[in-house]
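This report refers to the structure that appears directly beneath it.
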Amino acid sequence: MISIPKGTKDMLPSEAVKWHYIEDTAKMVAAIFGFKEIRTPIFEHTELFLRGVGETTDIVNKEMYTFDDKGGRSMTLKPEGTAGVARAYIENMQGNATLPLKMFYFTPVFRYERPQSGRLREHHQFGVELYGADSYLADAEVIALAKNFFDEFGLKNLELNINSIGCSICRQKYHKALRDYLASNLNKMCGQCQTRFETNPLRILDCKEEKCKAITVGAPKITDFLCDECKAHFDGVKSALTAQGIAFKVNPMIVRGLDYYTRTVFEFVTTSIGAQGTVCGGGRYNNLVSEVGGKPTPAVGFGLGLERLLMVLENEHLLDEIIDDGIGFYIAPIGDKATSRALKLVTQLRNEGYSAECDLVGRSIKAQMKYADKISAGFVVVIGDSELESGQVIAKDMKCERQFIVPLDKFVESIEEQLDEYEANEHNCDCDCESDCENTEDCKCGCEDEKSCECGCESECDCNNAIKSCECGCEDEKQINSDNANKCDCDNSKDSNCECNKEQSKHNKNCTGGCNHEEE
RNA sequence: GUGGGUAUAGCGCAGGUGGUUAGCGCGCCAGGUUGUGGCCCUGGAGGCCGUGGGUUCGAGUCCCACUACUCACCCCA
């Protein structure tokens with residue numbers, strides 16, 4: 001058997017709803033902030049990442065999926081999303097786009113690393129880029145977008161860390177101070193940090209080795225070396241976040257591993273998925289566009305790991321309610337003649353925009369019912385000889401006991417009509433109707449219950465009796481009493497047109513269809 | 001690249017000190033009269049016990065190697 005490549009994951013149909021939910025939420029939030037989608041190729045010229053991400057970074061050094069194409073050009077699968085957008089901006093939009101330009105993307109990202117929990121060789125990111133705004137307001141805008149997105153899910157245990165790593169001028173000053181501080185202890189640090197001392201001393205702060213951590217504890221902080229402009233910018237970011245009610249922590253230790261960052265860097269970190277807790281990372285990169293060949297253009301953005309987000313959401317049980325809708329109609333034919341009639345009905349339903357399916361494997365009626373249940377069919381329609389003869393079928397609601405008698409030749413119109421009517425008359429039931437009025441008047445139905453109605457229906461109380469209209473066809477709602485919820489006192493009760501077949505049904509679940517039967 | 005853990009049915013797991021036809025739960029399929037789901041009952045399919053060596057009369061079980069997966073470091077989303 002050929003197995004899936006290391007560090008990759010299949011997205012299975014059973015999980016598709018969750019992905020769609022996350023993506024739809026992201027698109028919605030992006031739209032609210034005025035960001036438009038951009039899609040760029042999954043691979044780029046290797047050169048783009050060498051110059052954009054930086055040749056000294058781990059990502060470029062040892063994690064890229066680089067290959068020569070058949071023309072001998074060196075290509076690389078995107079190791080991050082920002083450089084490709086910068087390239088696309090320069091090639092297509094620079095000079096003619098209205099600034100500030102707001103873009104978002106979804107992209108797979110490839111890095112050759114040892115996989116572990118929350119880290120894959122292929123993962124997916126939702127990313128945001130804001131071009132042409134140098135103000136701290138743009139930094140705050142992008143952070144607010146991420147925050148807003150997380151809030152949509154009700155995420156807990158999430159912390160925003162921010163820092164400023166300054167511009168090239170203040171960073172030079174800082175590097176010097178940092179080197180001076182570390183120099184005396186240089187030989188006590190790990191080999192990697194000794195190399196970093198020369199190439200990028202900032203990264204030493206990020207080292208996880210205990211001996212290095214001990215040395216860096218009292219190290220000078222970059223934030224104390226910011227030039228006046230960078231300092232003002234950072235202060236601006238902080239006050240803008242505060243103004244928007246976004247809590248943050250200044251963490252002088254965060255240093256992103258991509259060379260393009262300038263000034264603001266930030267991370268959203270969660271404690272609920274283990275070691276790899278950074279769900280979103282980003283910052284400002286004013287030098288990136290010019291670095292890859294464009295005119296100097298300020299920019300801010302972030303990348304947000306969707307697999308990690310999914311893990312967080314699942315761990316925090318925030319996706320439990322997200323379930324697949326299932327198929328609308330399942331048509332169960334018995335026999336060949338019925339099958340071709342069923343096919344016709346399925347086609348009609350589909351043409352009207354309803355999801356519908358029909359047996360494809362010649363199963364017995366019982367097996368078809370089981371199948372319909374498994375695929376969460378809304379309604380099942382059995383078609384056999386007697387239905388063909390009478391021209392009428394029964395549409396059975398799989399979630400409760402109600403069913404509708406529907407003429408086959410006008411199925412769609414009739415079922416729509418009956419459902420509308422049902423909704424209009426019976427939406428006071430215990431089912432999941434979405435009404436929620438704030439009617440605080442006392443119940444007028446004559447029951448003793450003084451609670452006010454919680455739904456938006458006409459009835460005023462939420463007691464068991466008055467809300468529900470009599471199903472016998474009489475007009476009198478008040479005659480129903482809670483002791484005898486299935487019948488009203490009127491004379492019509494014997495001819496009740498209740499559709500739930502209470503005599504023969506078992507009612508082993510709560511009826512959600514609006515009939516008054518109590519659970520048995 | 002460096003460490004630790006694990007590999008038995010589609011999934012989750014049992015299988016003391018080696019011993020005959022390798023089990024359980026869930027899932028899947030089919031039945032429980034003639035045309036109706038969920039619960040329950042019965043039956044069925046499905047395993048070269050990760051791969052390759054070794055020890056032994058005999059290995060799922062013991063030893064070695066390899067591979068895969070997994071967690072952690074590094075780094076990052």
Side-chain angles (χ1 to χ4, degrees), chain A residues 1-9 12 14 53 57-63 78-82 107-127 146 190-193 196 203 206-210 212 254-258 266-270 273-282 301-312 330 332-335 338 361 363-377 379-388 393-401 403 501 504-510:
Chain A
M1 192 182 78
I2 299 170
S3 56
I4 190 168
K6 196 188 190 77
T8 63
K9 249 183 170 152
L12 303 172
S14 55
V53 178
T57 60
D58 281 1
I59 290 179
V60 167
N61 263 333
K62 46 188 192 187
E63 296 174 3
K78 282 192 213 178
E80 53 85 60
T82 296
T107 185
V109 167
F110 304 87
R111 290 179 204 164
Y112 191 86
E113 302 178 88
R114 289 284 292 272
Q116 73 188 70
S117 181
R119 190 168 67 202
L120 296 162
R121 287 184 174 179
E122 181 195 30
H123 76 275
H124 296 80
Q125 289 189 10
F126 164 55
C190 71
Q192 206 173 5
C193 281
R196 285 168 177 157
R203 298 286 299 282
D206 218 19
C207 188
K208 303 295 189 295
E209 295 252 354
E210 284 306 324
C212 300
I254 61 166
V255 176
R256 320 249 64 240
L258 294 86
F266 65 89
E267 284 179 355
F268 281 88
V269 184
T270 177
I273 53 168
Q276 307 299 322
T278 303
V279 180
C280 172
F302 66 73
L304 192 153
L306 295 177
E307 281 85 353
R308 282 187 190 172
L309 174 64
L310 184 65
M311 284 174 78
V312 178
Y330 179 81
I334 309 163
V361 287
R363 277 200 258 241
S364 72
I365 187 66
K366 187 180 177 119
Q368 291 196 63
M369 289 301 292
K370 284 190 180 179
Y371 175 75
D373 183 52
K374 291 220 180 80
I375 62 171
S376 306
F379 287 92
V380 169
V381 176
V382 174
I383 303 180
D385 290 342
S386 60
E387 283 81 4
L388 289 175
V393 292
I394 291 172
K396 177 187 167 75
D397 189 330
M398 294 294 276
K399 290 176 189 68
C400 66
E401 300 293 330
Q403 40 191 36
N501 295 329
Q504 59 197 55
S505 67
K506 279 185 248 165
H507 281 284
N508 51 6
K509 275 188 182 176
N510 251 332

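Chain A is the first sequence line, chain B the second, and so forth, proteins listed ahead of strands; every chain is numbered from 1. Predicted, not measured: the structure shown is a model, and the values here were computed from it.
- Among the protein residues, A:G127 comes within range of no part of the nucleic acid, since none of its heavy atoms lies under 4.0 Å from any strand.
- In plain terms, the two heavy atoms of A:E80 and A:V109 that are nearest each other are N-CG1, 3.9 Å.
- Considering all non-hydrogen atoms of both residues, A:T8 and A:I4 come closest at OG1-CG1, 2.9 Å.
- Comparing B:rC73, B:rG38, B:rC69 by their closest approach to the side chain of A:K6 singles out B:rC69.
- Remark: C1' of B:rU36 and CD1 of A:I334 are 8 Å apart, rounded to the nearest angstrom.
- The separation between A:E80 atom CD and B:rA77 atom P is 8 Å, rounded to whole Å.
- Remark: the A:E63 side chain and the B:rC75 base include no donor-acceptor N/O pair separated by less than 3.5 Å.
- For B:rG23 and B:rG32, the P atoms lie 28 Å apart once the distance is rounded to whole Å.
- Taking atom C1' in both B:rC69 and B:rG31, the straight-line distance is 40 Å, to the nearest Å.
- In this structure, the side chain of A:R111 engages the main chain of A:P79 through a donor-acceptor pair within 3.5 Å.
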Practice prompt. Please test A:V382 against A:V393 for side-chain contact (heavy atoms from CB on, under 4.5 Å), starting from the C-alpha separation and ending with a verdict.
Written response: CA-CA 7 Å; A:V382 174; A:V393 292; over 6 Å; no
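- Among the atoms of the strands shown, base atoms are found under 4.0 Å from some heavy atom of A:L120.
- Protein atom CD of A:E113 is 17 Å distant from nucleotide atom C1' of B:rG3, rounded to whole Å.
- Residue-environment remark: CG (A:N61) exceeds the threshold of 12 foreign heavy atoms within 6.0 Å.
- One N or O donor and one acceptor, one from the side chain of A:E387 and one from the base of B:rG35, sit under 3.5 Å apart.
- Here, B:rA59 and B:rG15 have their C1' atoms 14 Å apart, quoted to the whole Å.
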Worksheet, complete the sentence: In B/S/- notation (B base, S sugar-phosphate only, - none; protein heavy atoms under 4.0 Å), nucleotides 25-33 of chain B written 5' to 3' is ---SSS-B-
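- For the pair A:R114 CZ and B:rC71 C1', the interatomic distance rounds to 10 Å; values are reported in whole Å.
- Per the geometry, NZ belonging to A:K396 stands 10 Å off C1' belonging to B:rG38, to the nearest Å.
- Closest of all the heavy-atom pairs between A:A146 and A:C280 is CB-SG, 4.3 Å.
- Mapping A:T278 and A:P5 onto RNA chain B via the closest heavy atom, the residue that lands nearer the 5' end is A:P5.
- Comparing A:M369 and A:R121 by the nucleotide of RNA chain B that holds the closest heavy atom to each, the one mapping nearer the 5' end is A:M369.
- In terms of heavy atoms, A:A377 sits closest to A:M398 at O-CB, 3.3 Å.
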Worksheet item: For RNA chain B, what string of dots and brackets results from 5' to 3' when Watson-Crick and G-U pairs need both distances under 3.5 Å, crossing pairs get [ ], and pairs with another strand get |?
Response: (((((((..((((.....[...)))).(((((.......))))).....(((((..]....))))))))))))....
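- A:R308 has its CZ atom 5 Å from the C1' atom of B:rA77, to the nearest Å.
- Separation of atoms CD (A:E113) and CD (A:E63) is listed at 4.0 Å; rounding is to 0.5 Å.
- Ring centers of A:Y371 and A:Y330: under 6.0 Å apart, within the cut-off.
- Among the heavy atoms of the strands, none lies under 4.0 Å from A:T57.
- With rounding to the nearest 0.5 angstrom, the CD atom of A:E307 is 9.0 Å from the CD atom of A:Q125.
- In this structure, A:I59 places its CD1 atom 18 Å from P of B:rG1, rounding to the nearest Å.
- Heavy atoms of A:V279 sit under 4.0 angstrom from primed sugar atoms or phosphate atoms, though from no base atom.
- Distance CZ (A:R111) to P (B:rC75): 13 Å, rounded to an integer number of Å.
- Regarding contacts with the backbone of B:rA72, every side-chain N or O of A:Q276 stays at 4.0 angstrom or more from both OP1 and OP2.
- A gap of 13 Å separates the P atoms of B:rG5 and B:rC63, to the nearest Å.
- Comparing the P positions of B:rG12 and B:rG27 gives an interatomic distance of 15 Å, to the nearest angstrom.
- Taking atom C1' on both B:rA65 and B:rG19, the two are 27 Å apart, rounded to the nearest angstrom.
- Residues passing the side-chain hydrogen bond (donor to acceptor under 3.5 Å, both in side chains) test with A:T107 are A:K78, sequence neighbours excluded.
- Taking the P atom of each, B:rC48 and B:rG60 are spaced 13 Å apart, rounded to whole Å.
- Rounded to whole Å, the separation between the C1' atoms of B:rG54 and B:rG18 comes to 15 Å.
- Dashed line: the shortest gap from a side-chain N or O of A:Q116 to OP1 or OP2 of B:rA72 is under 4.0 Å.
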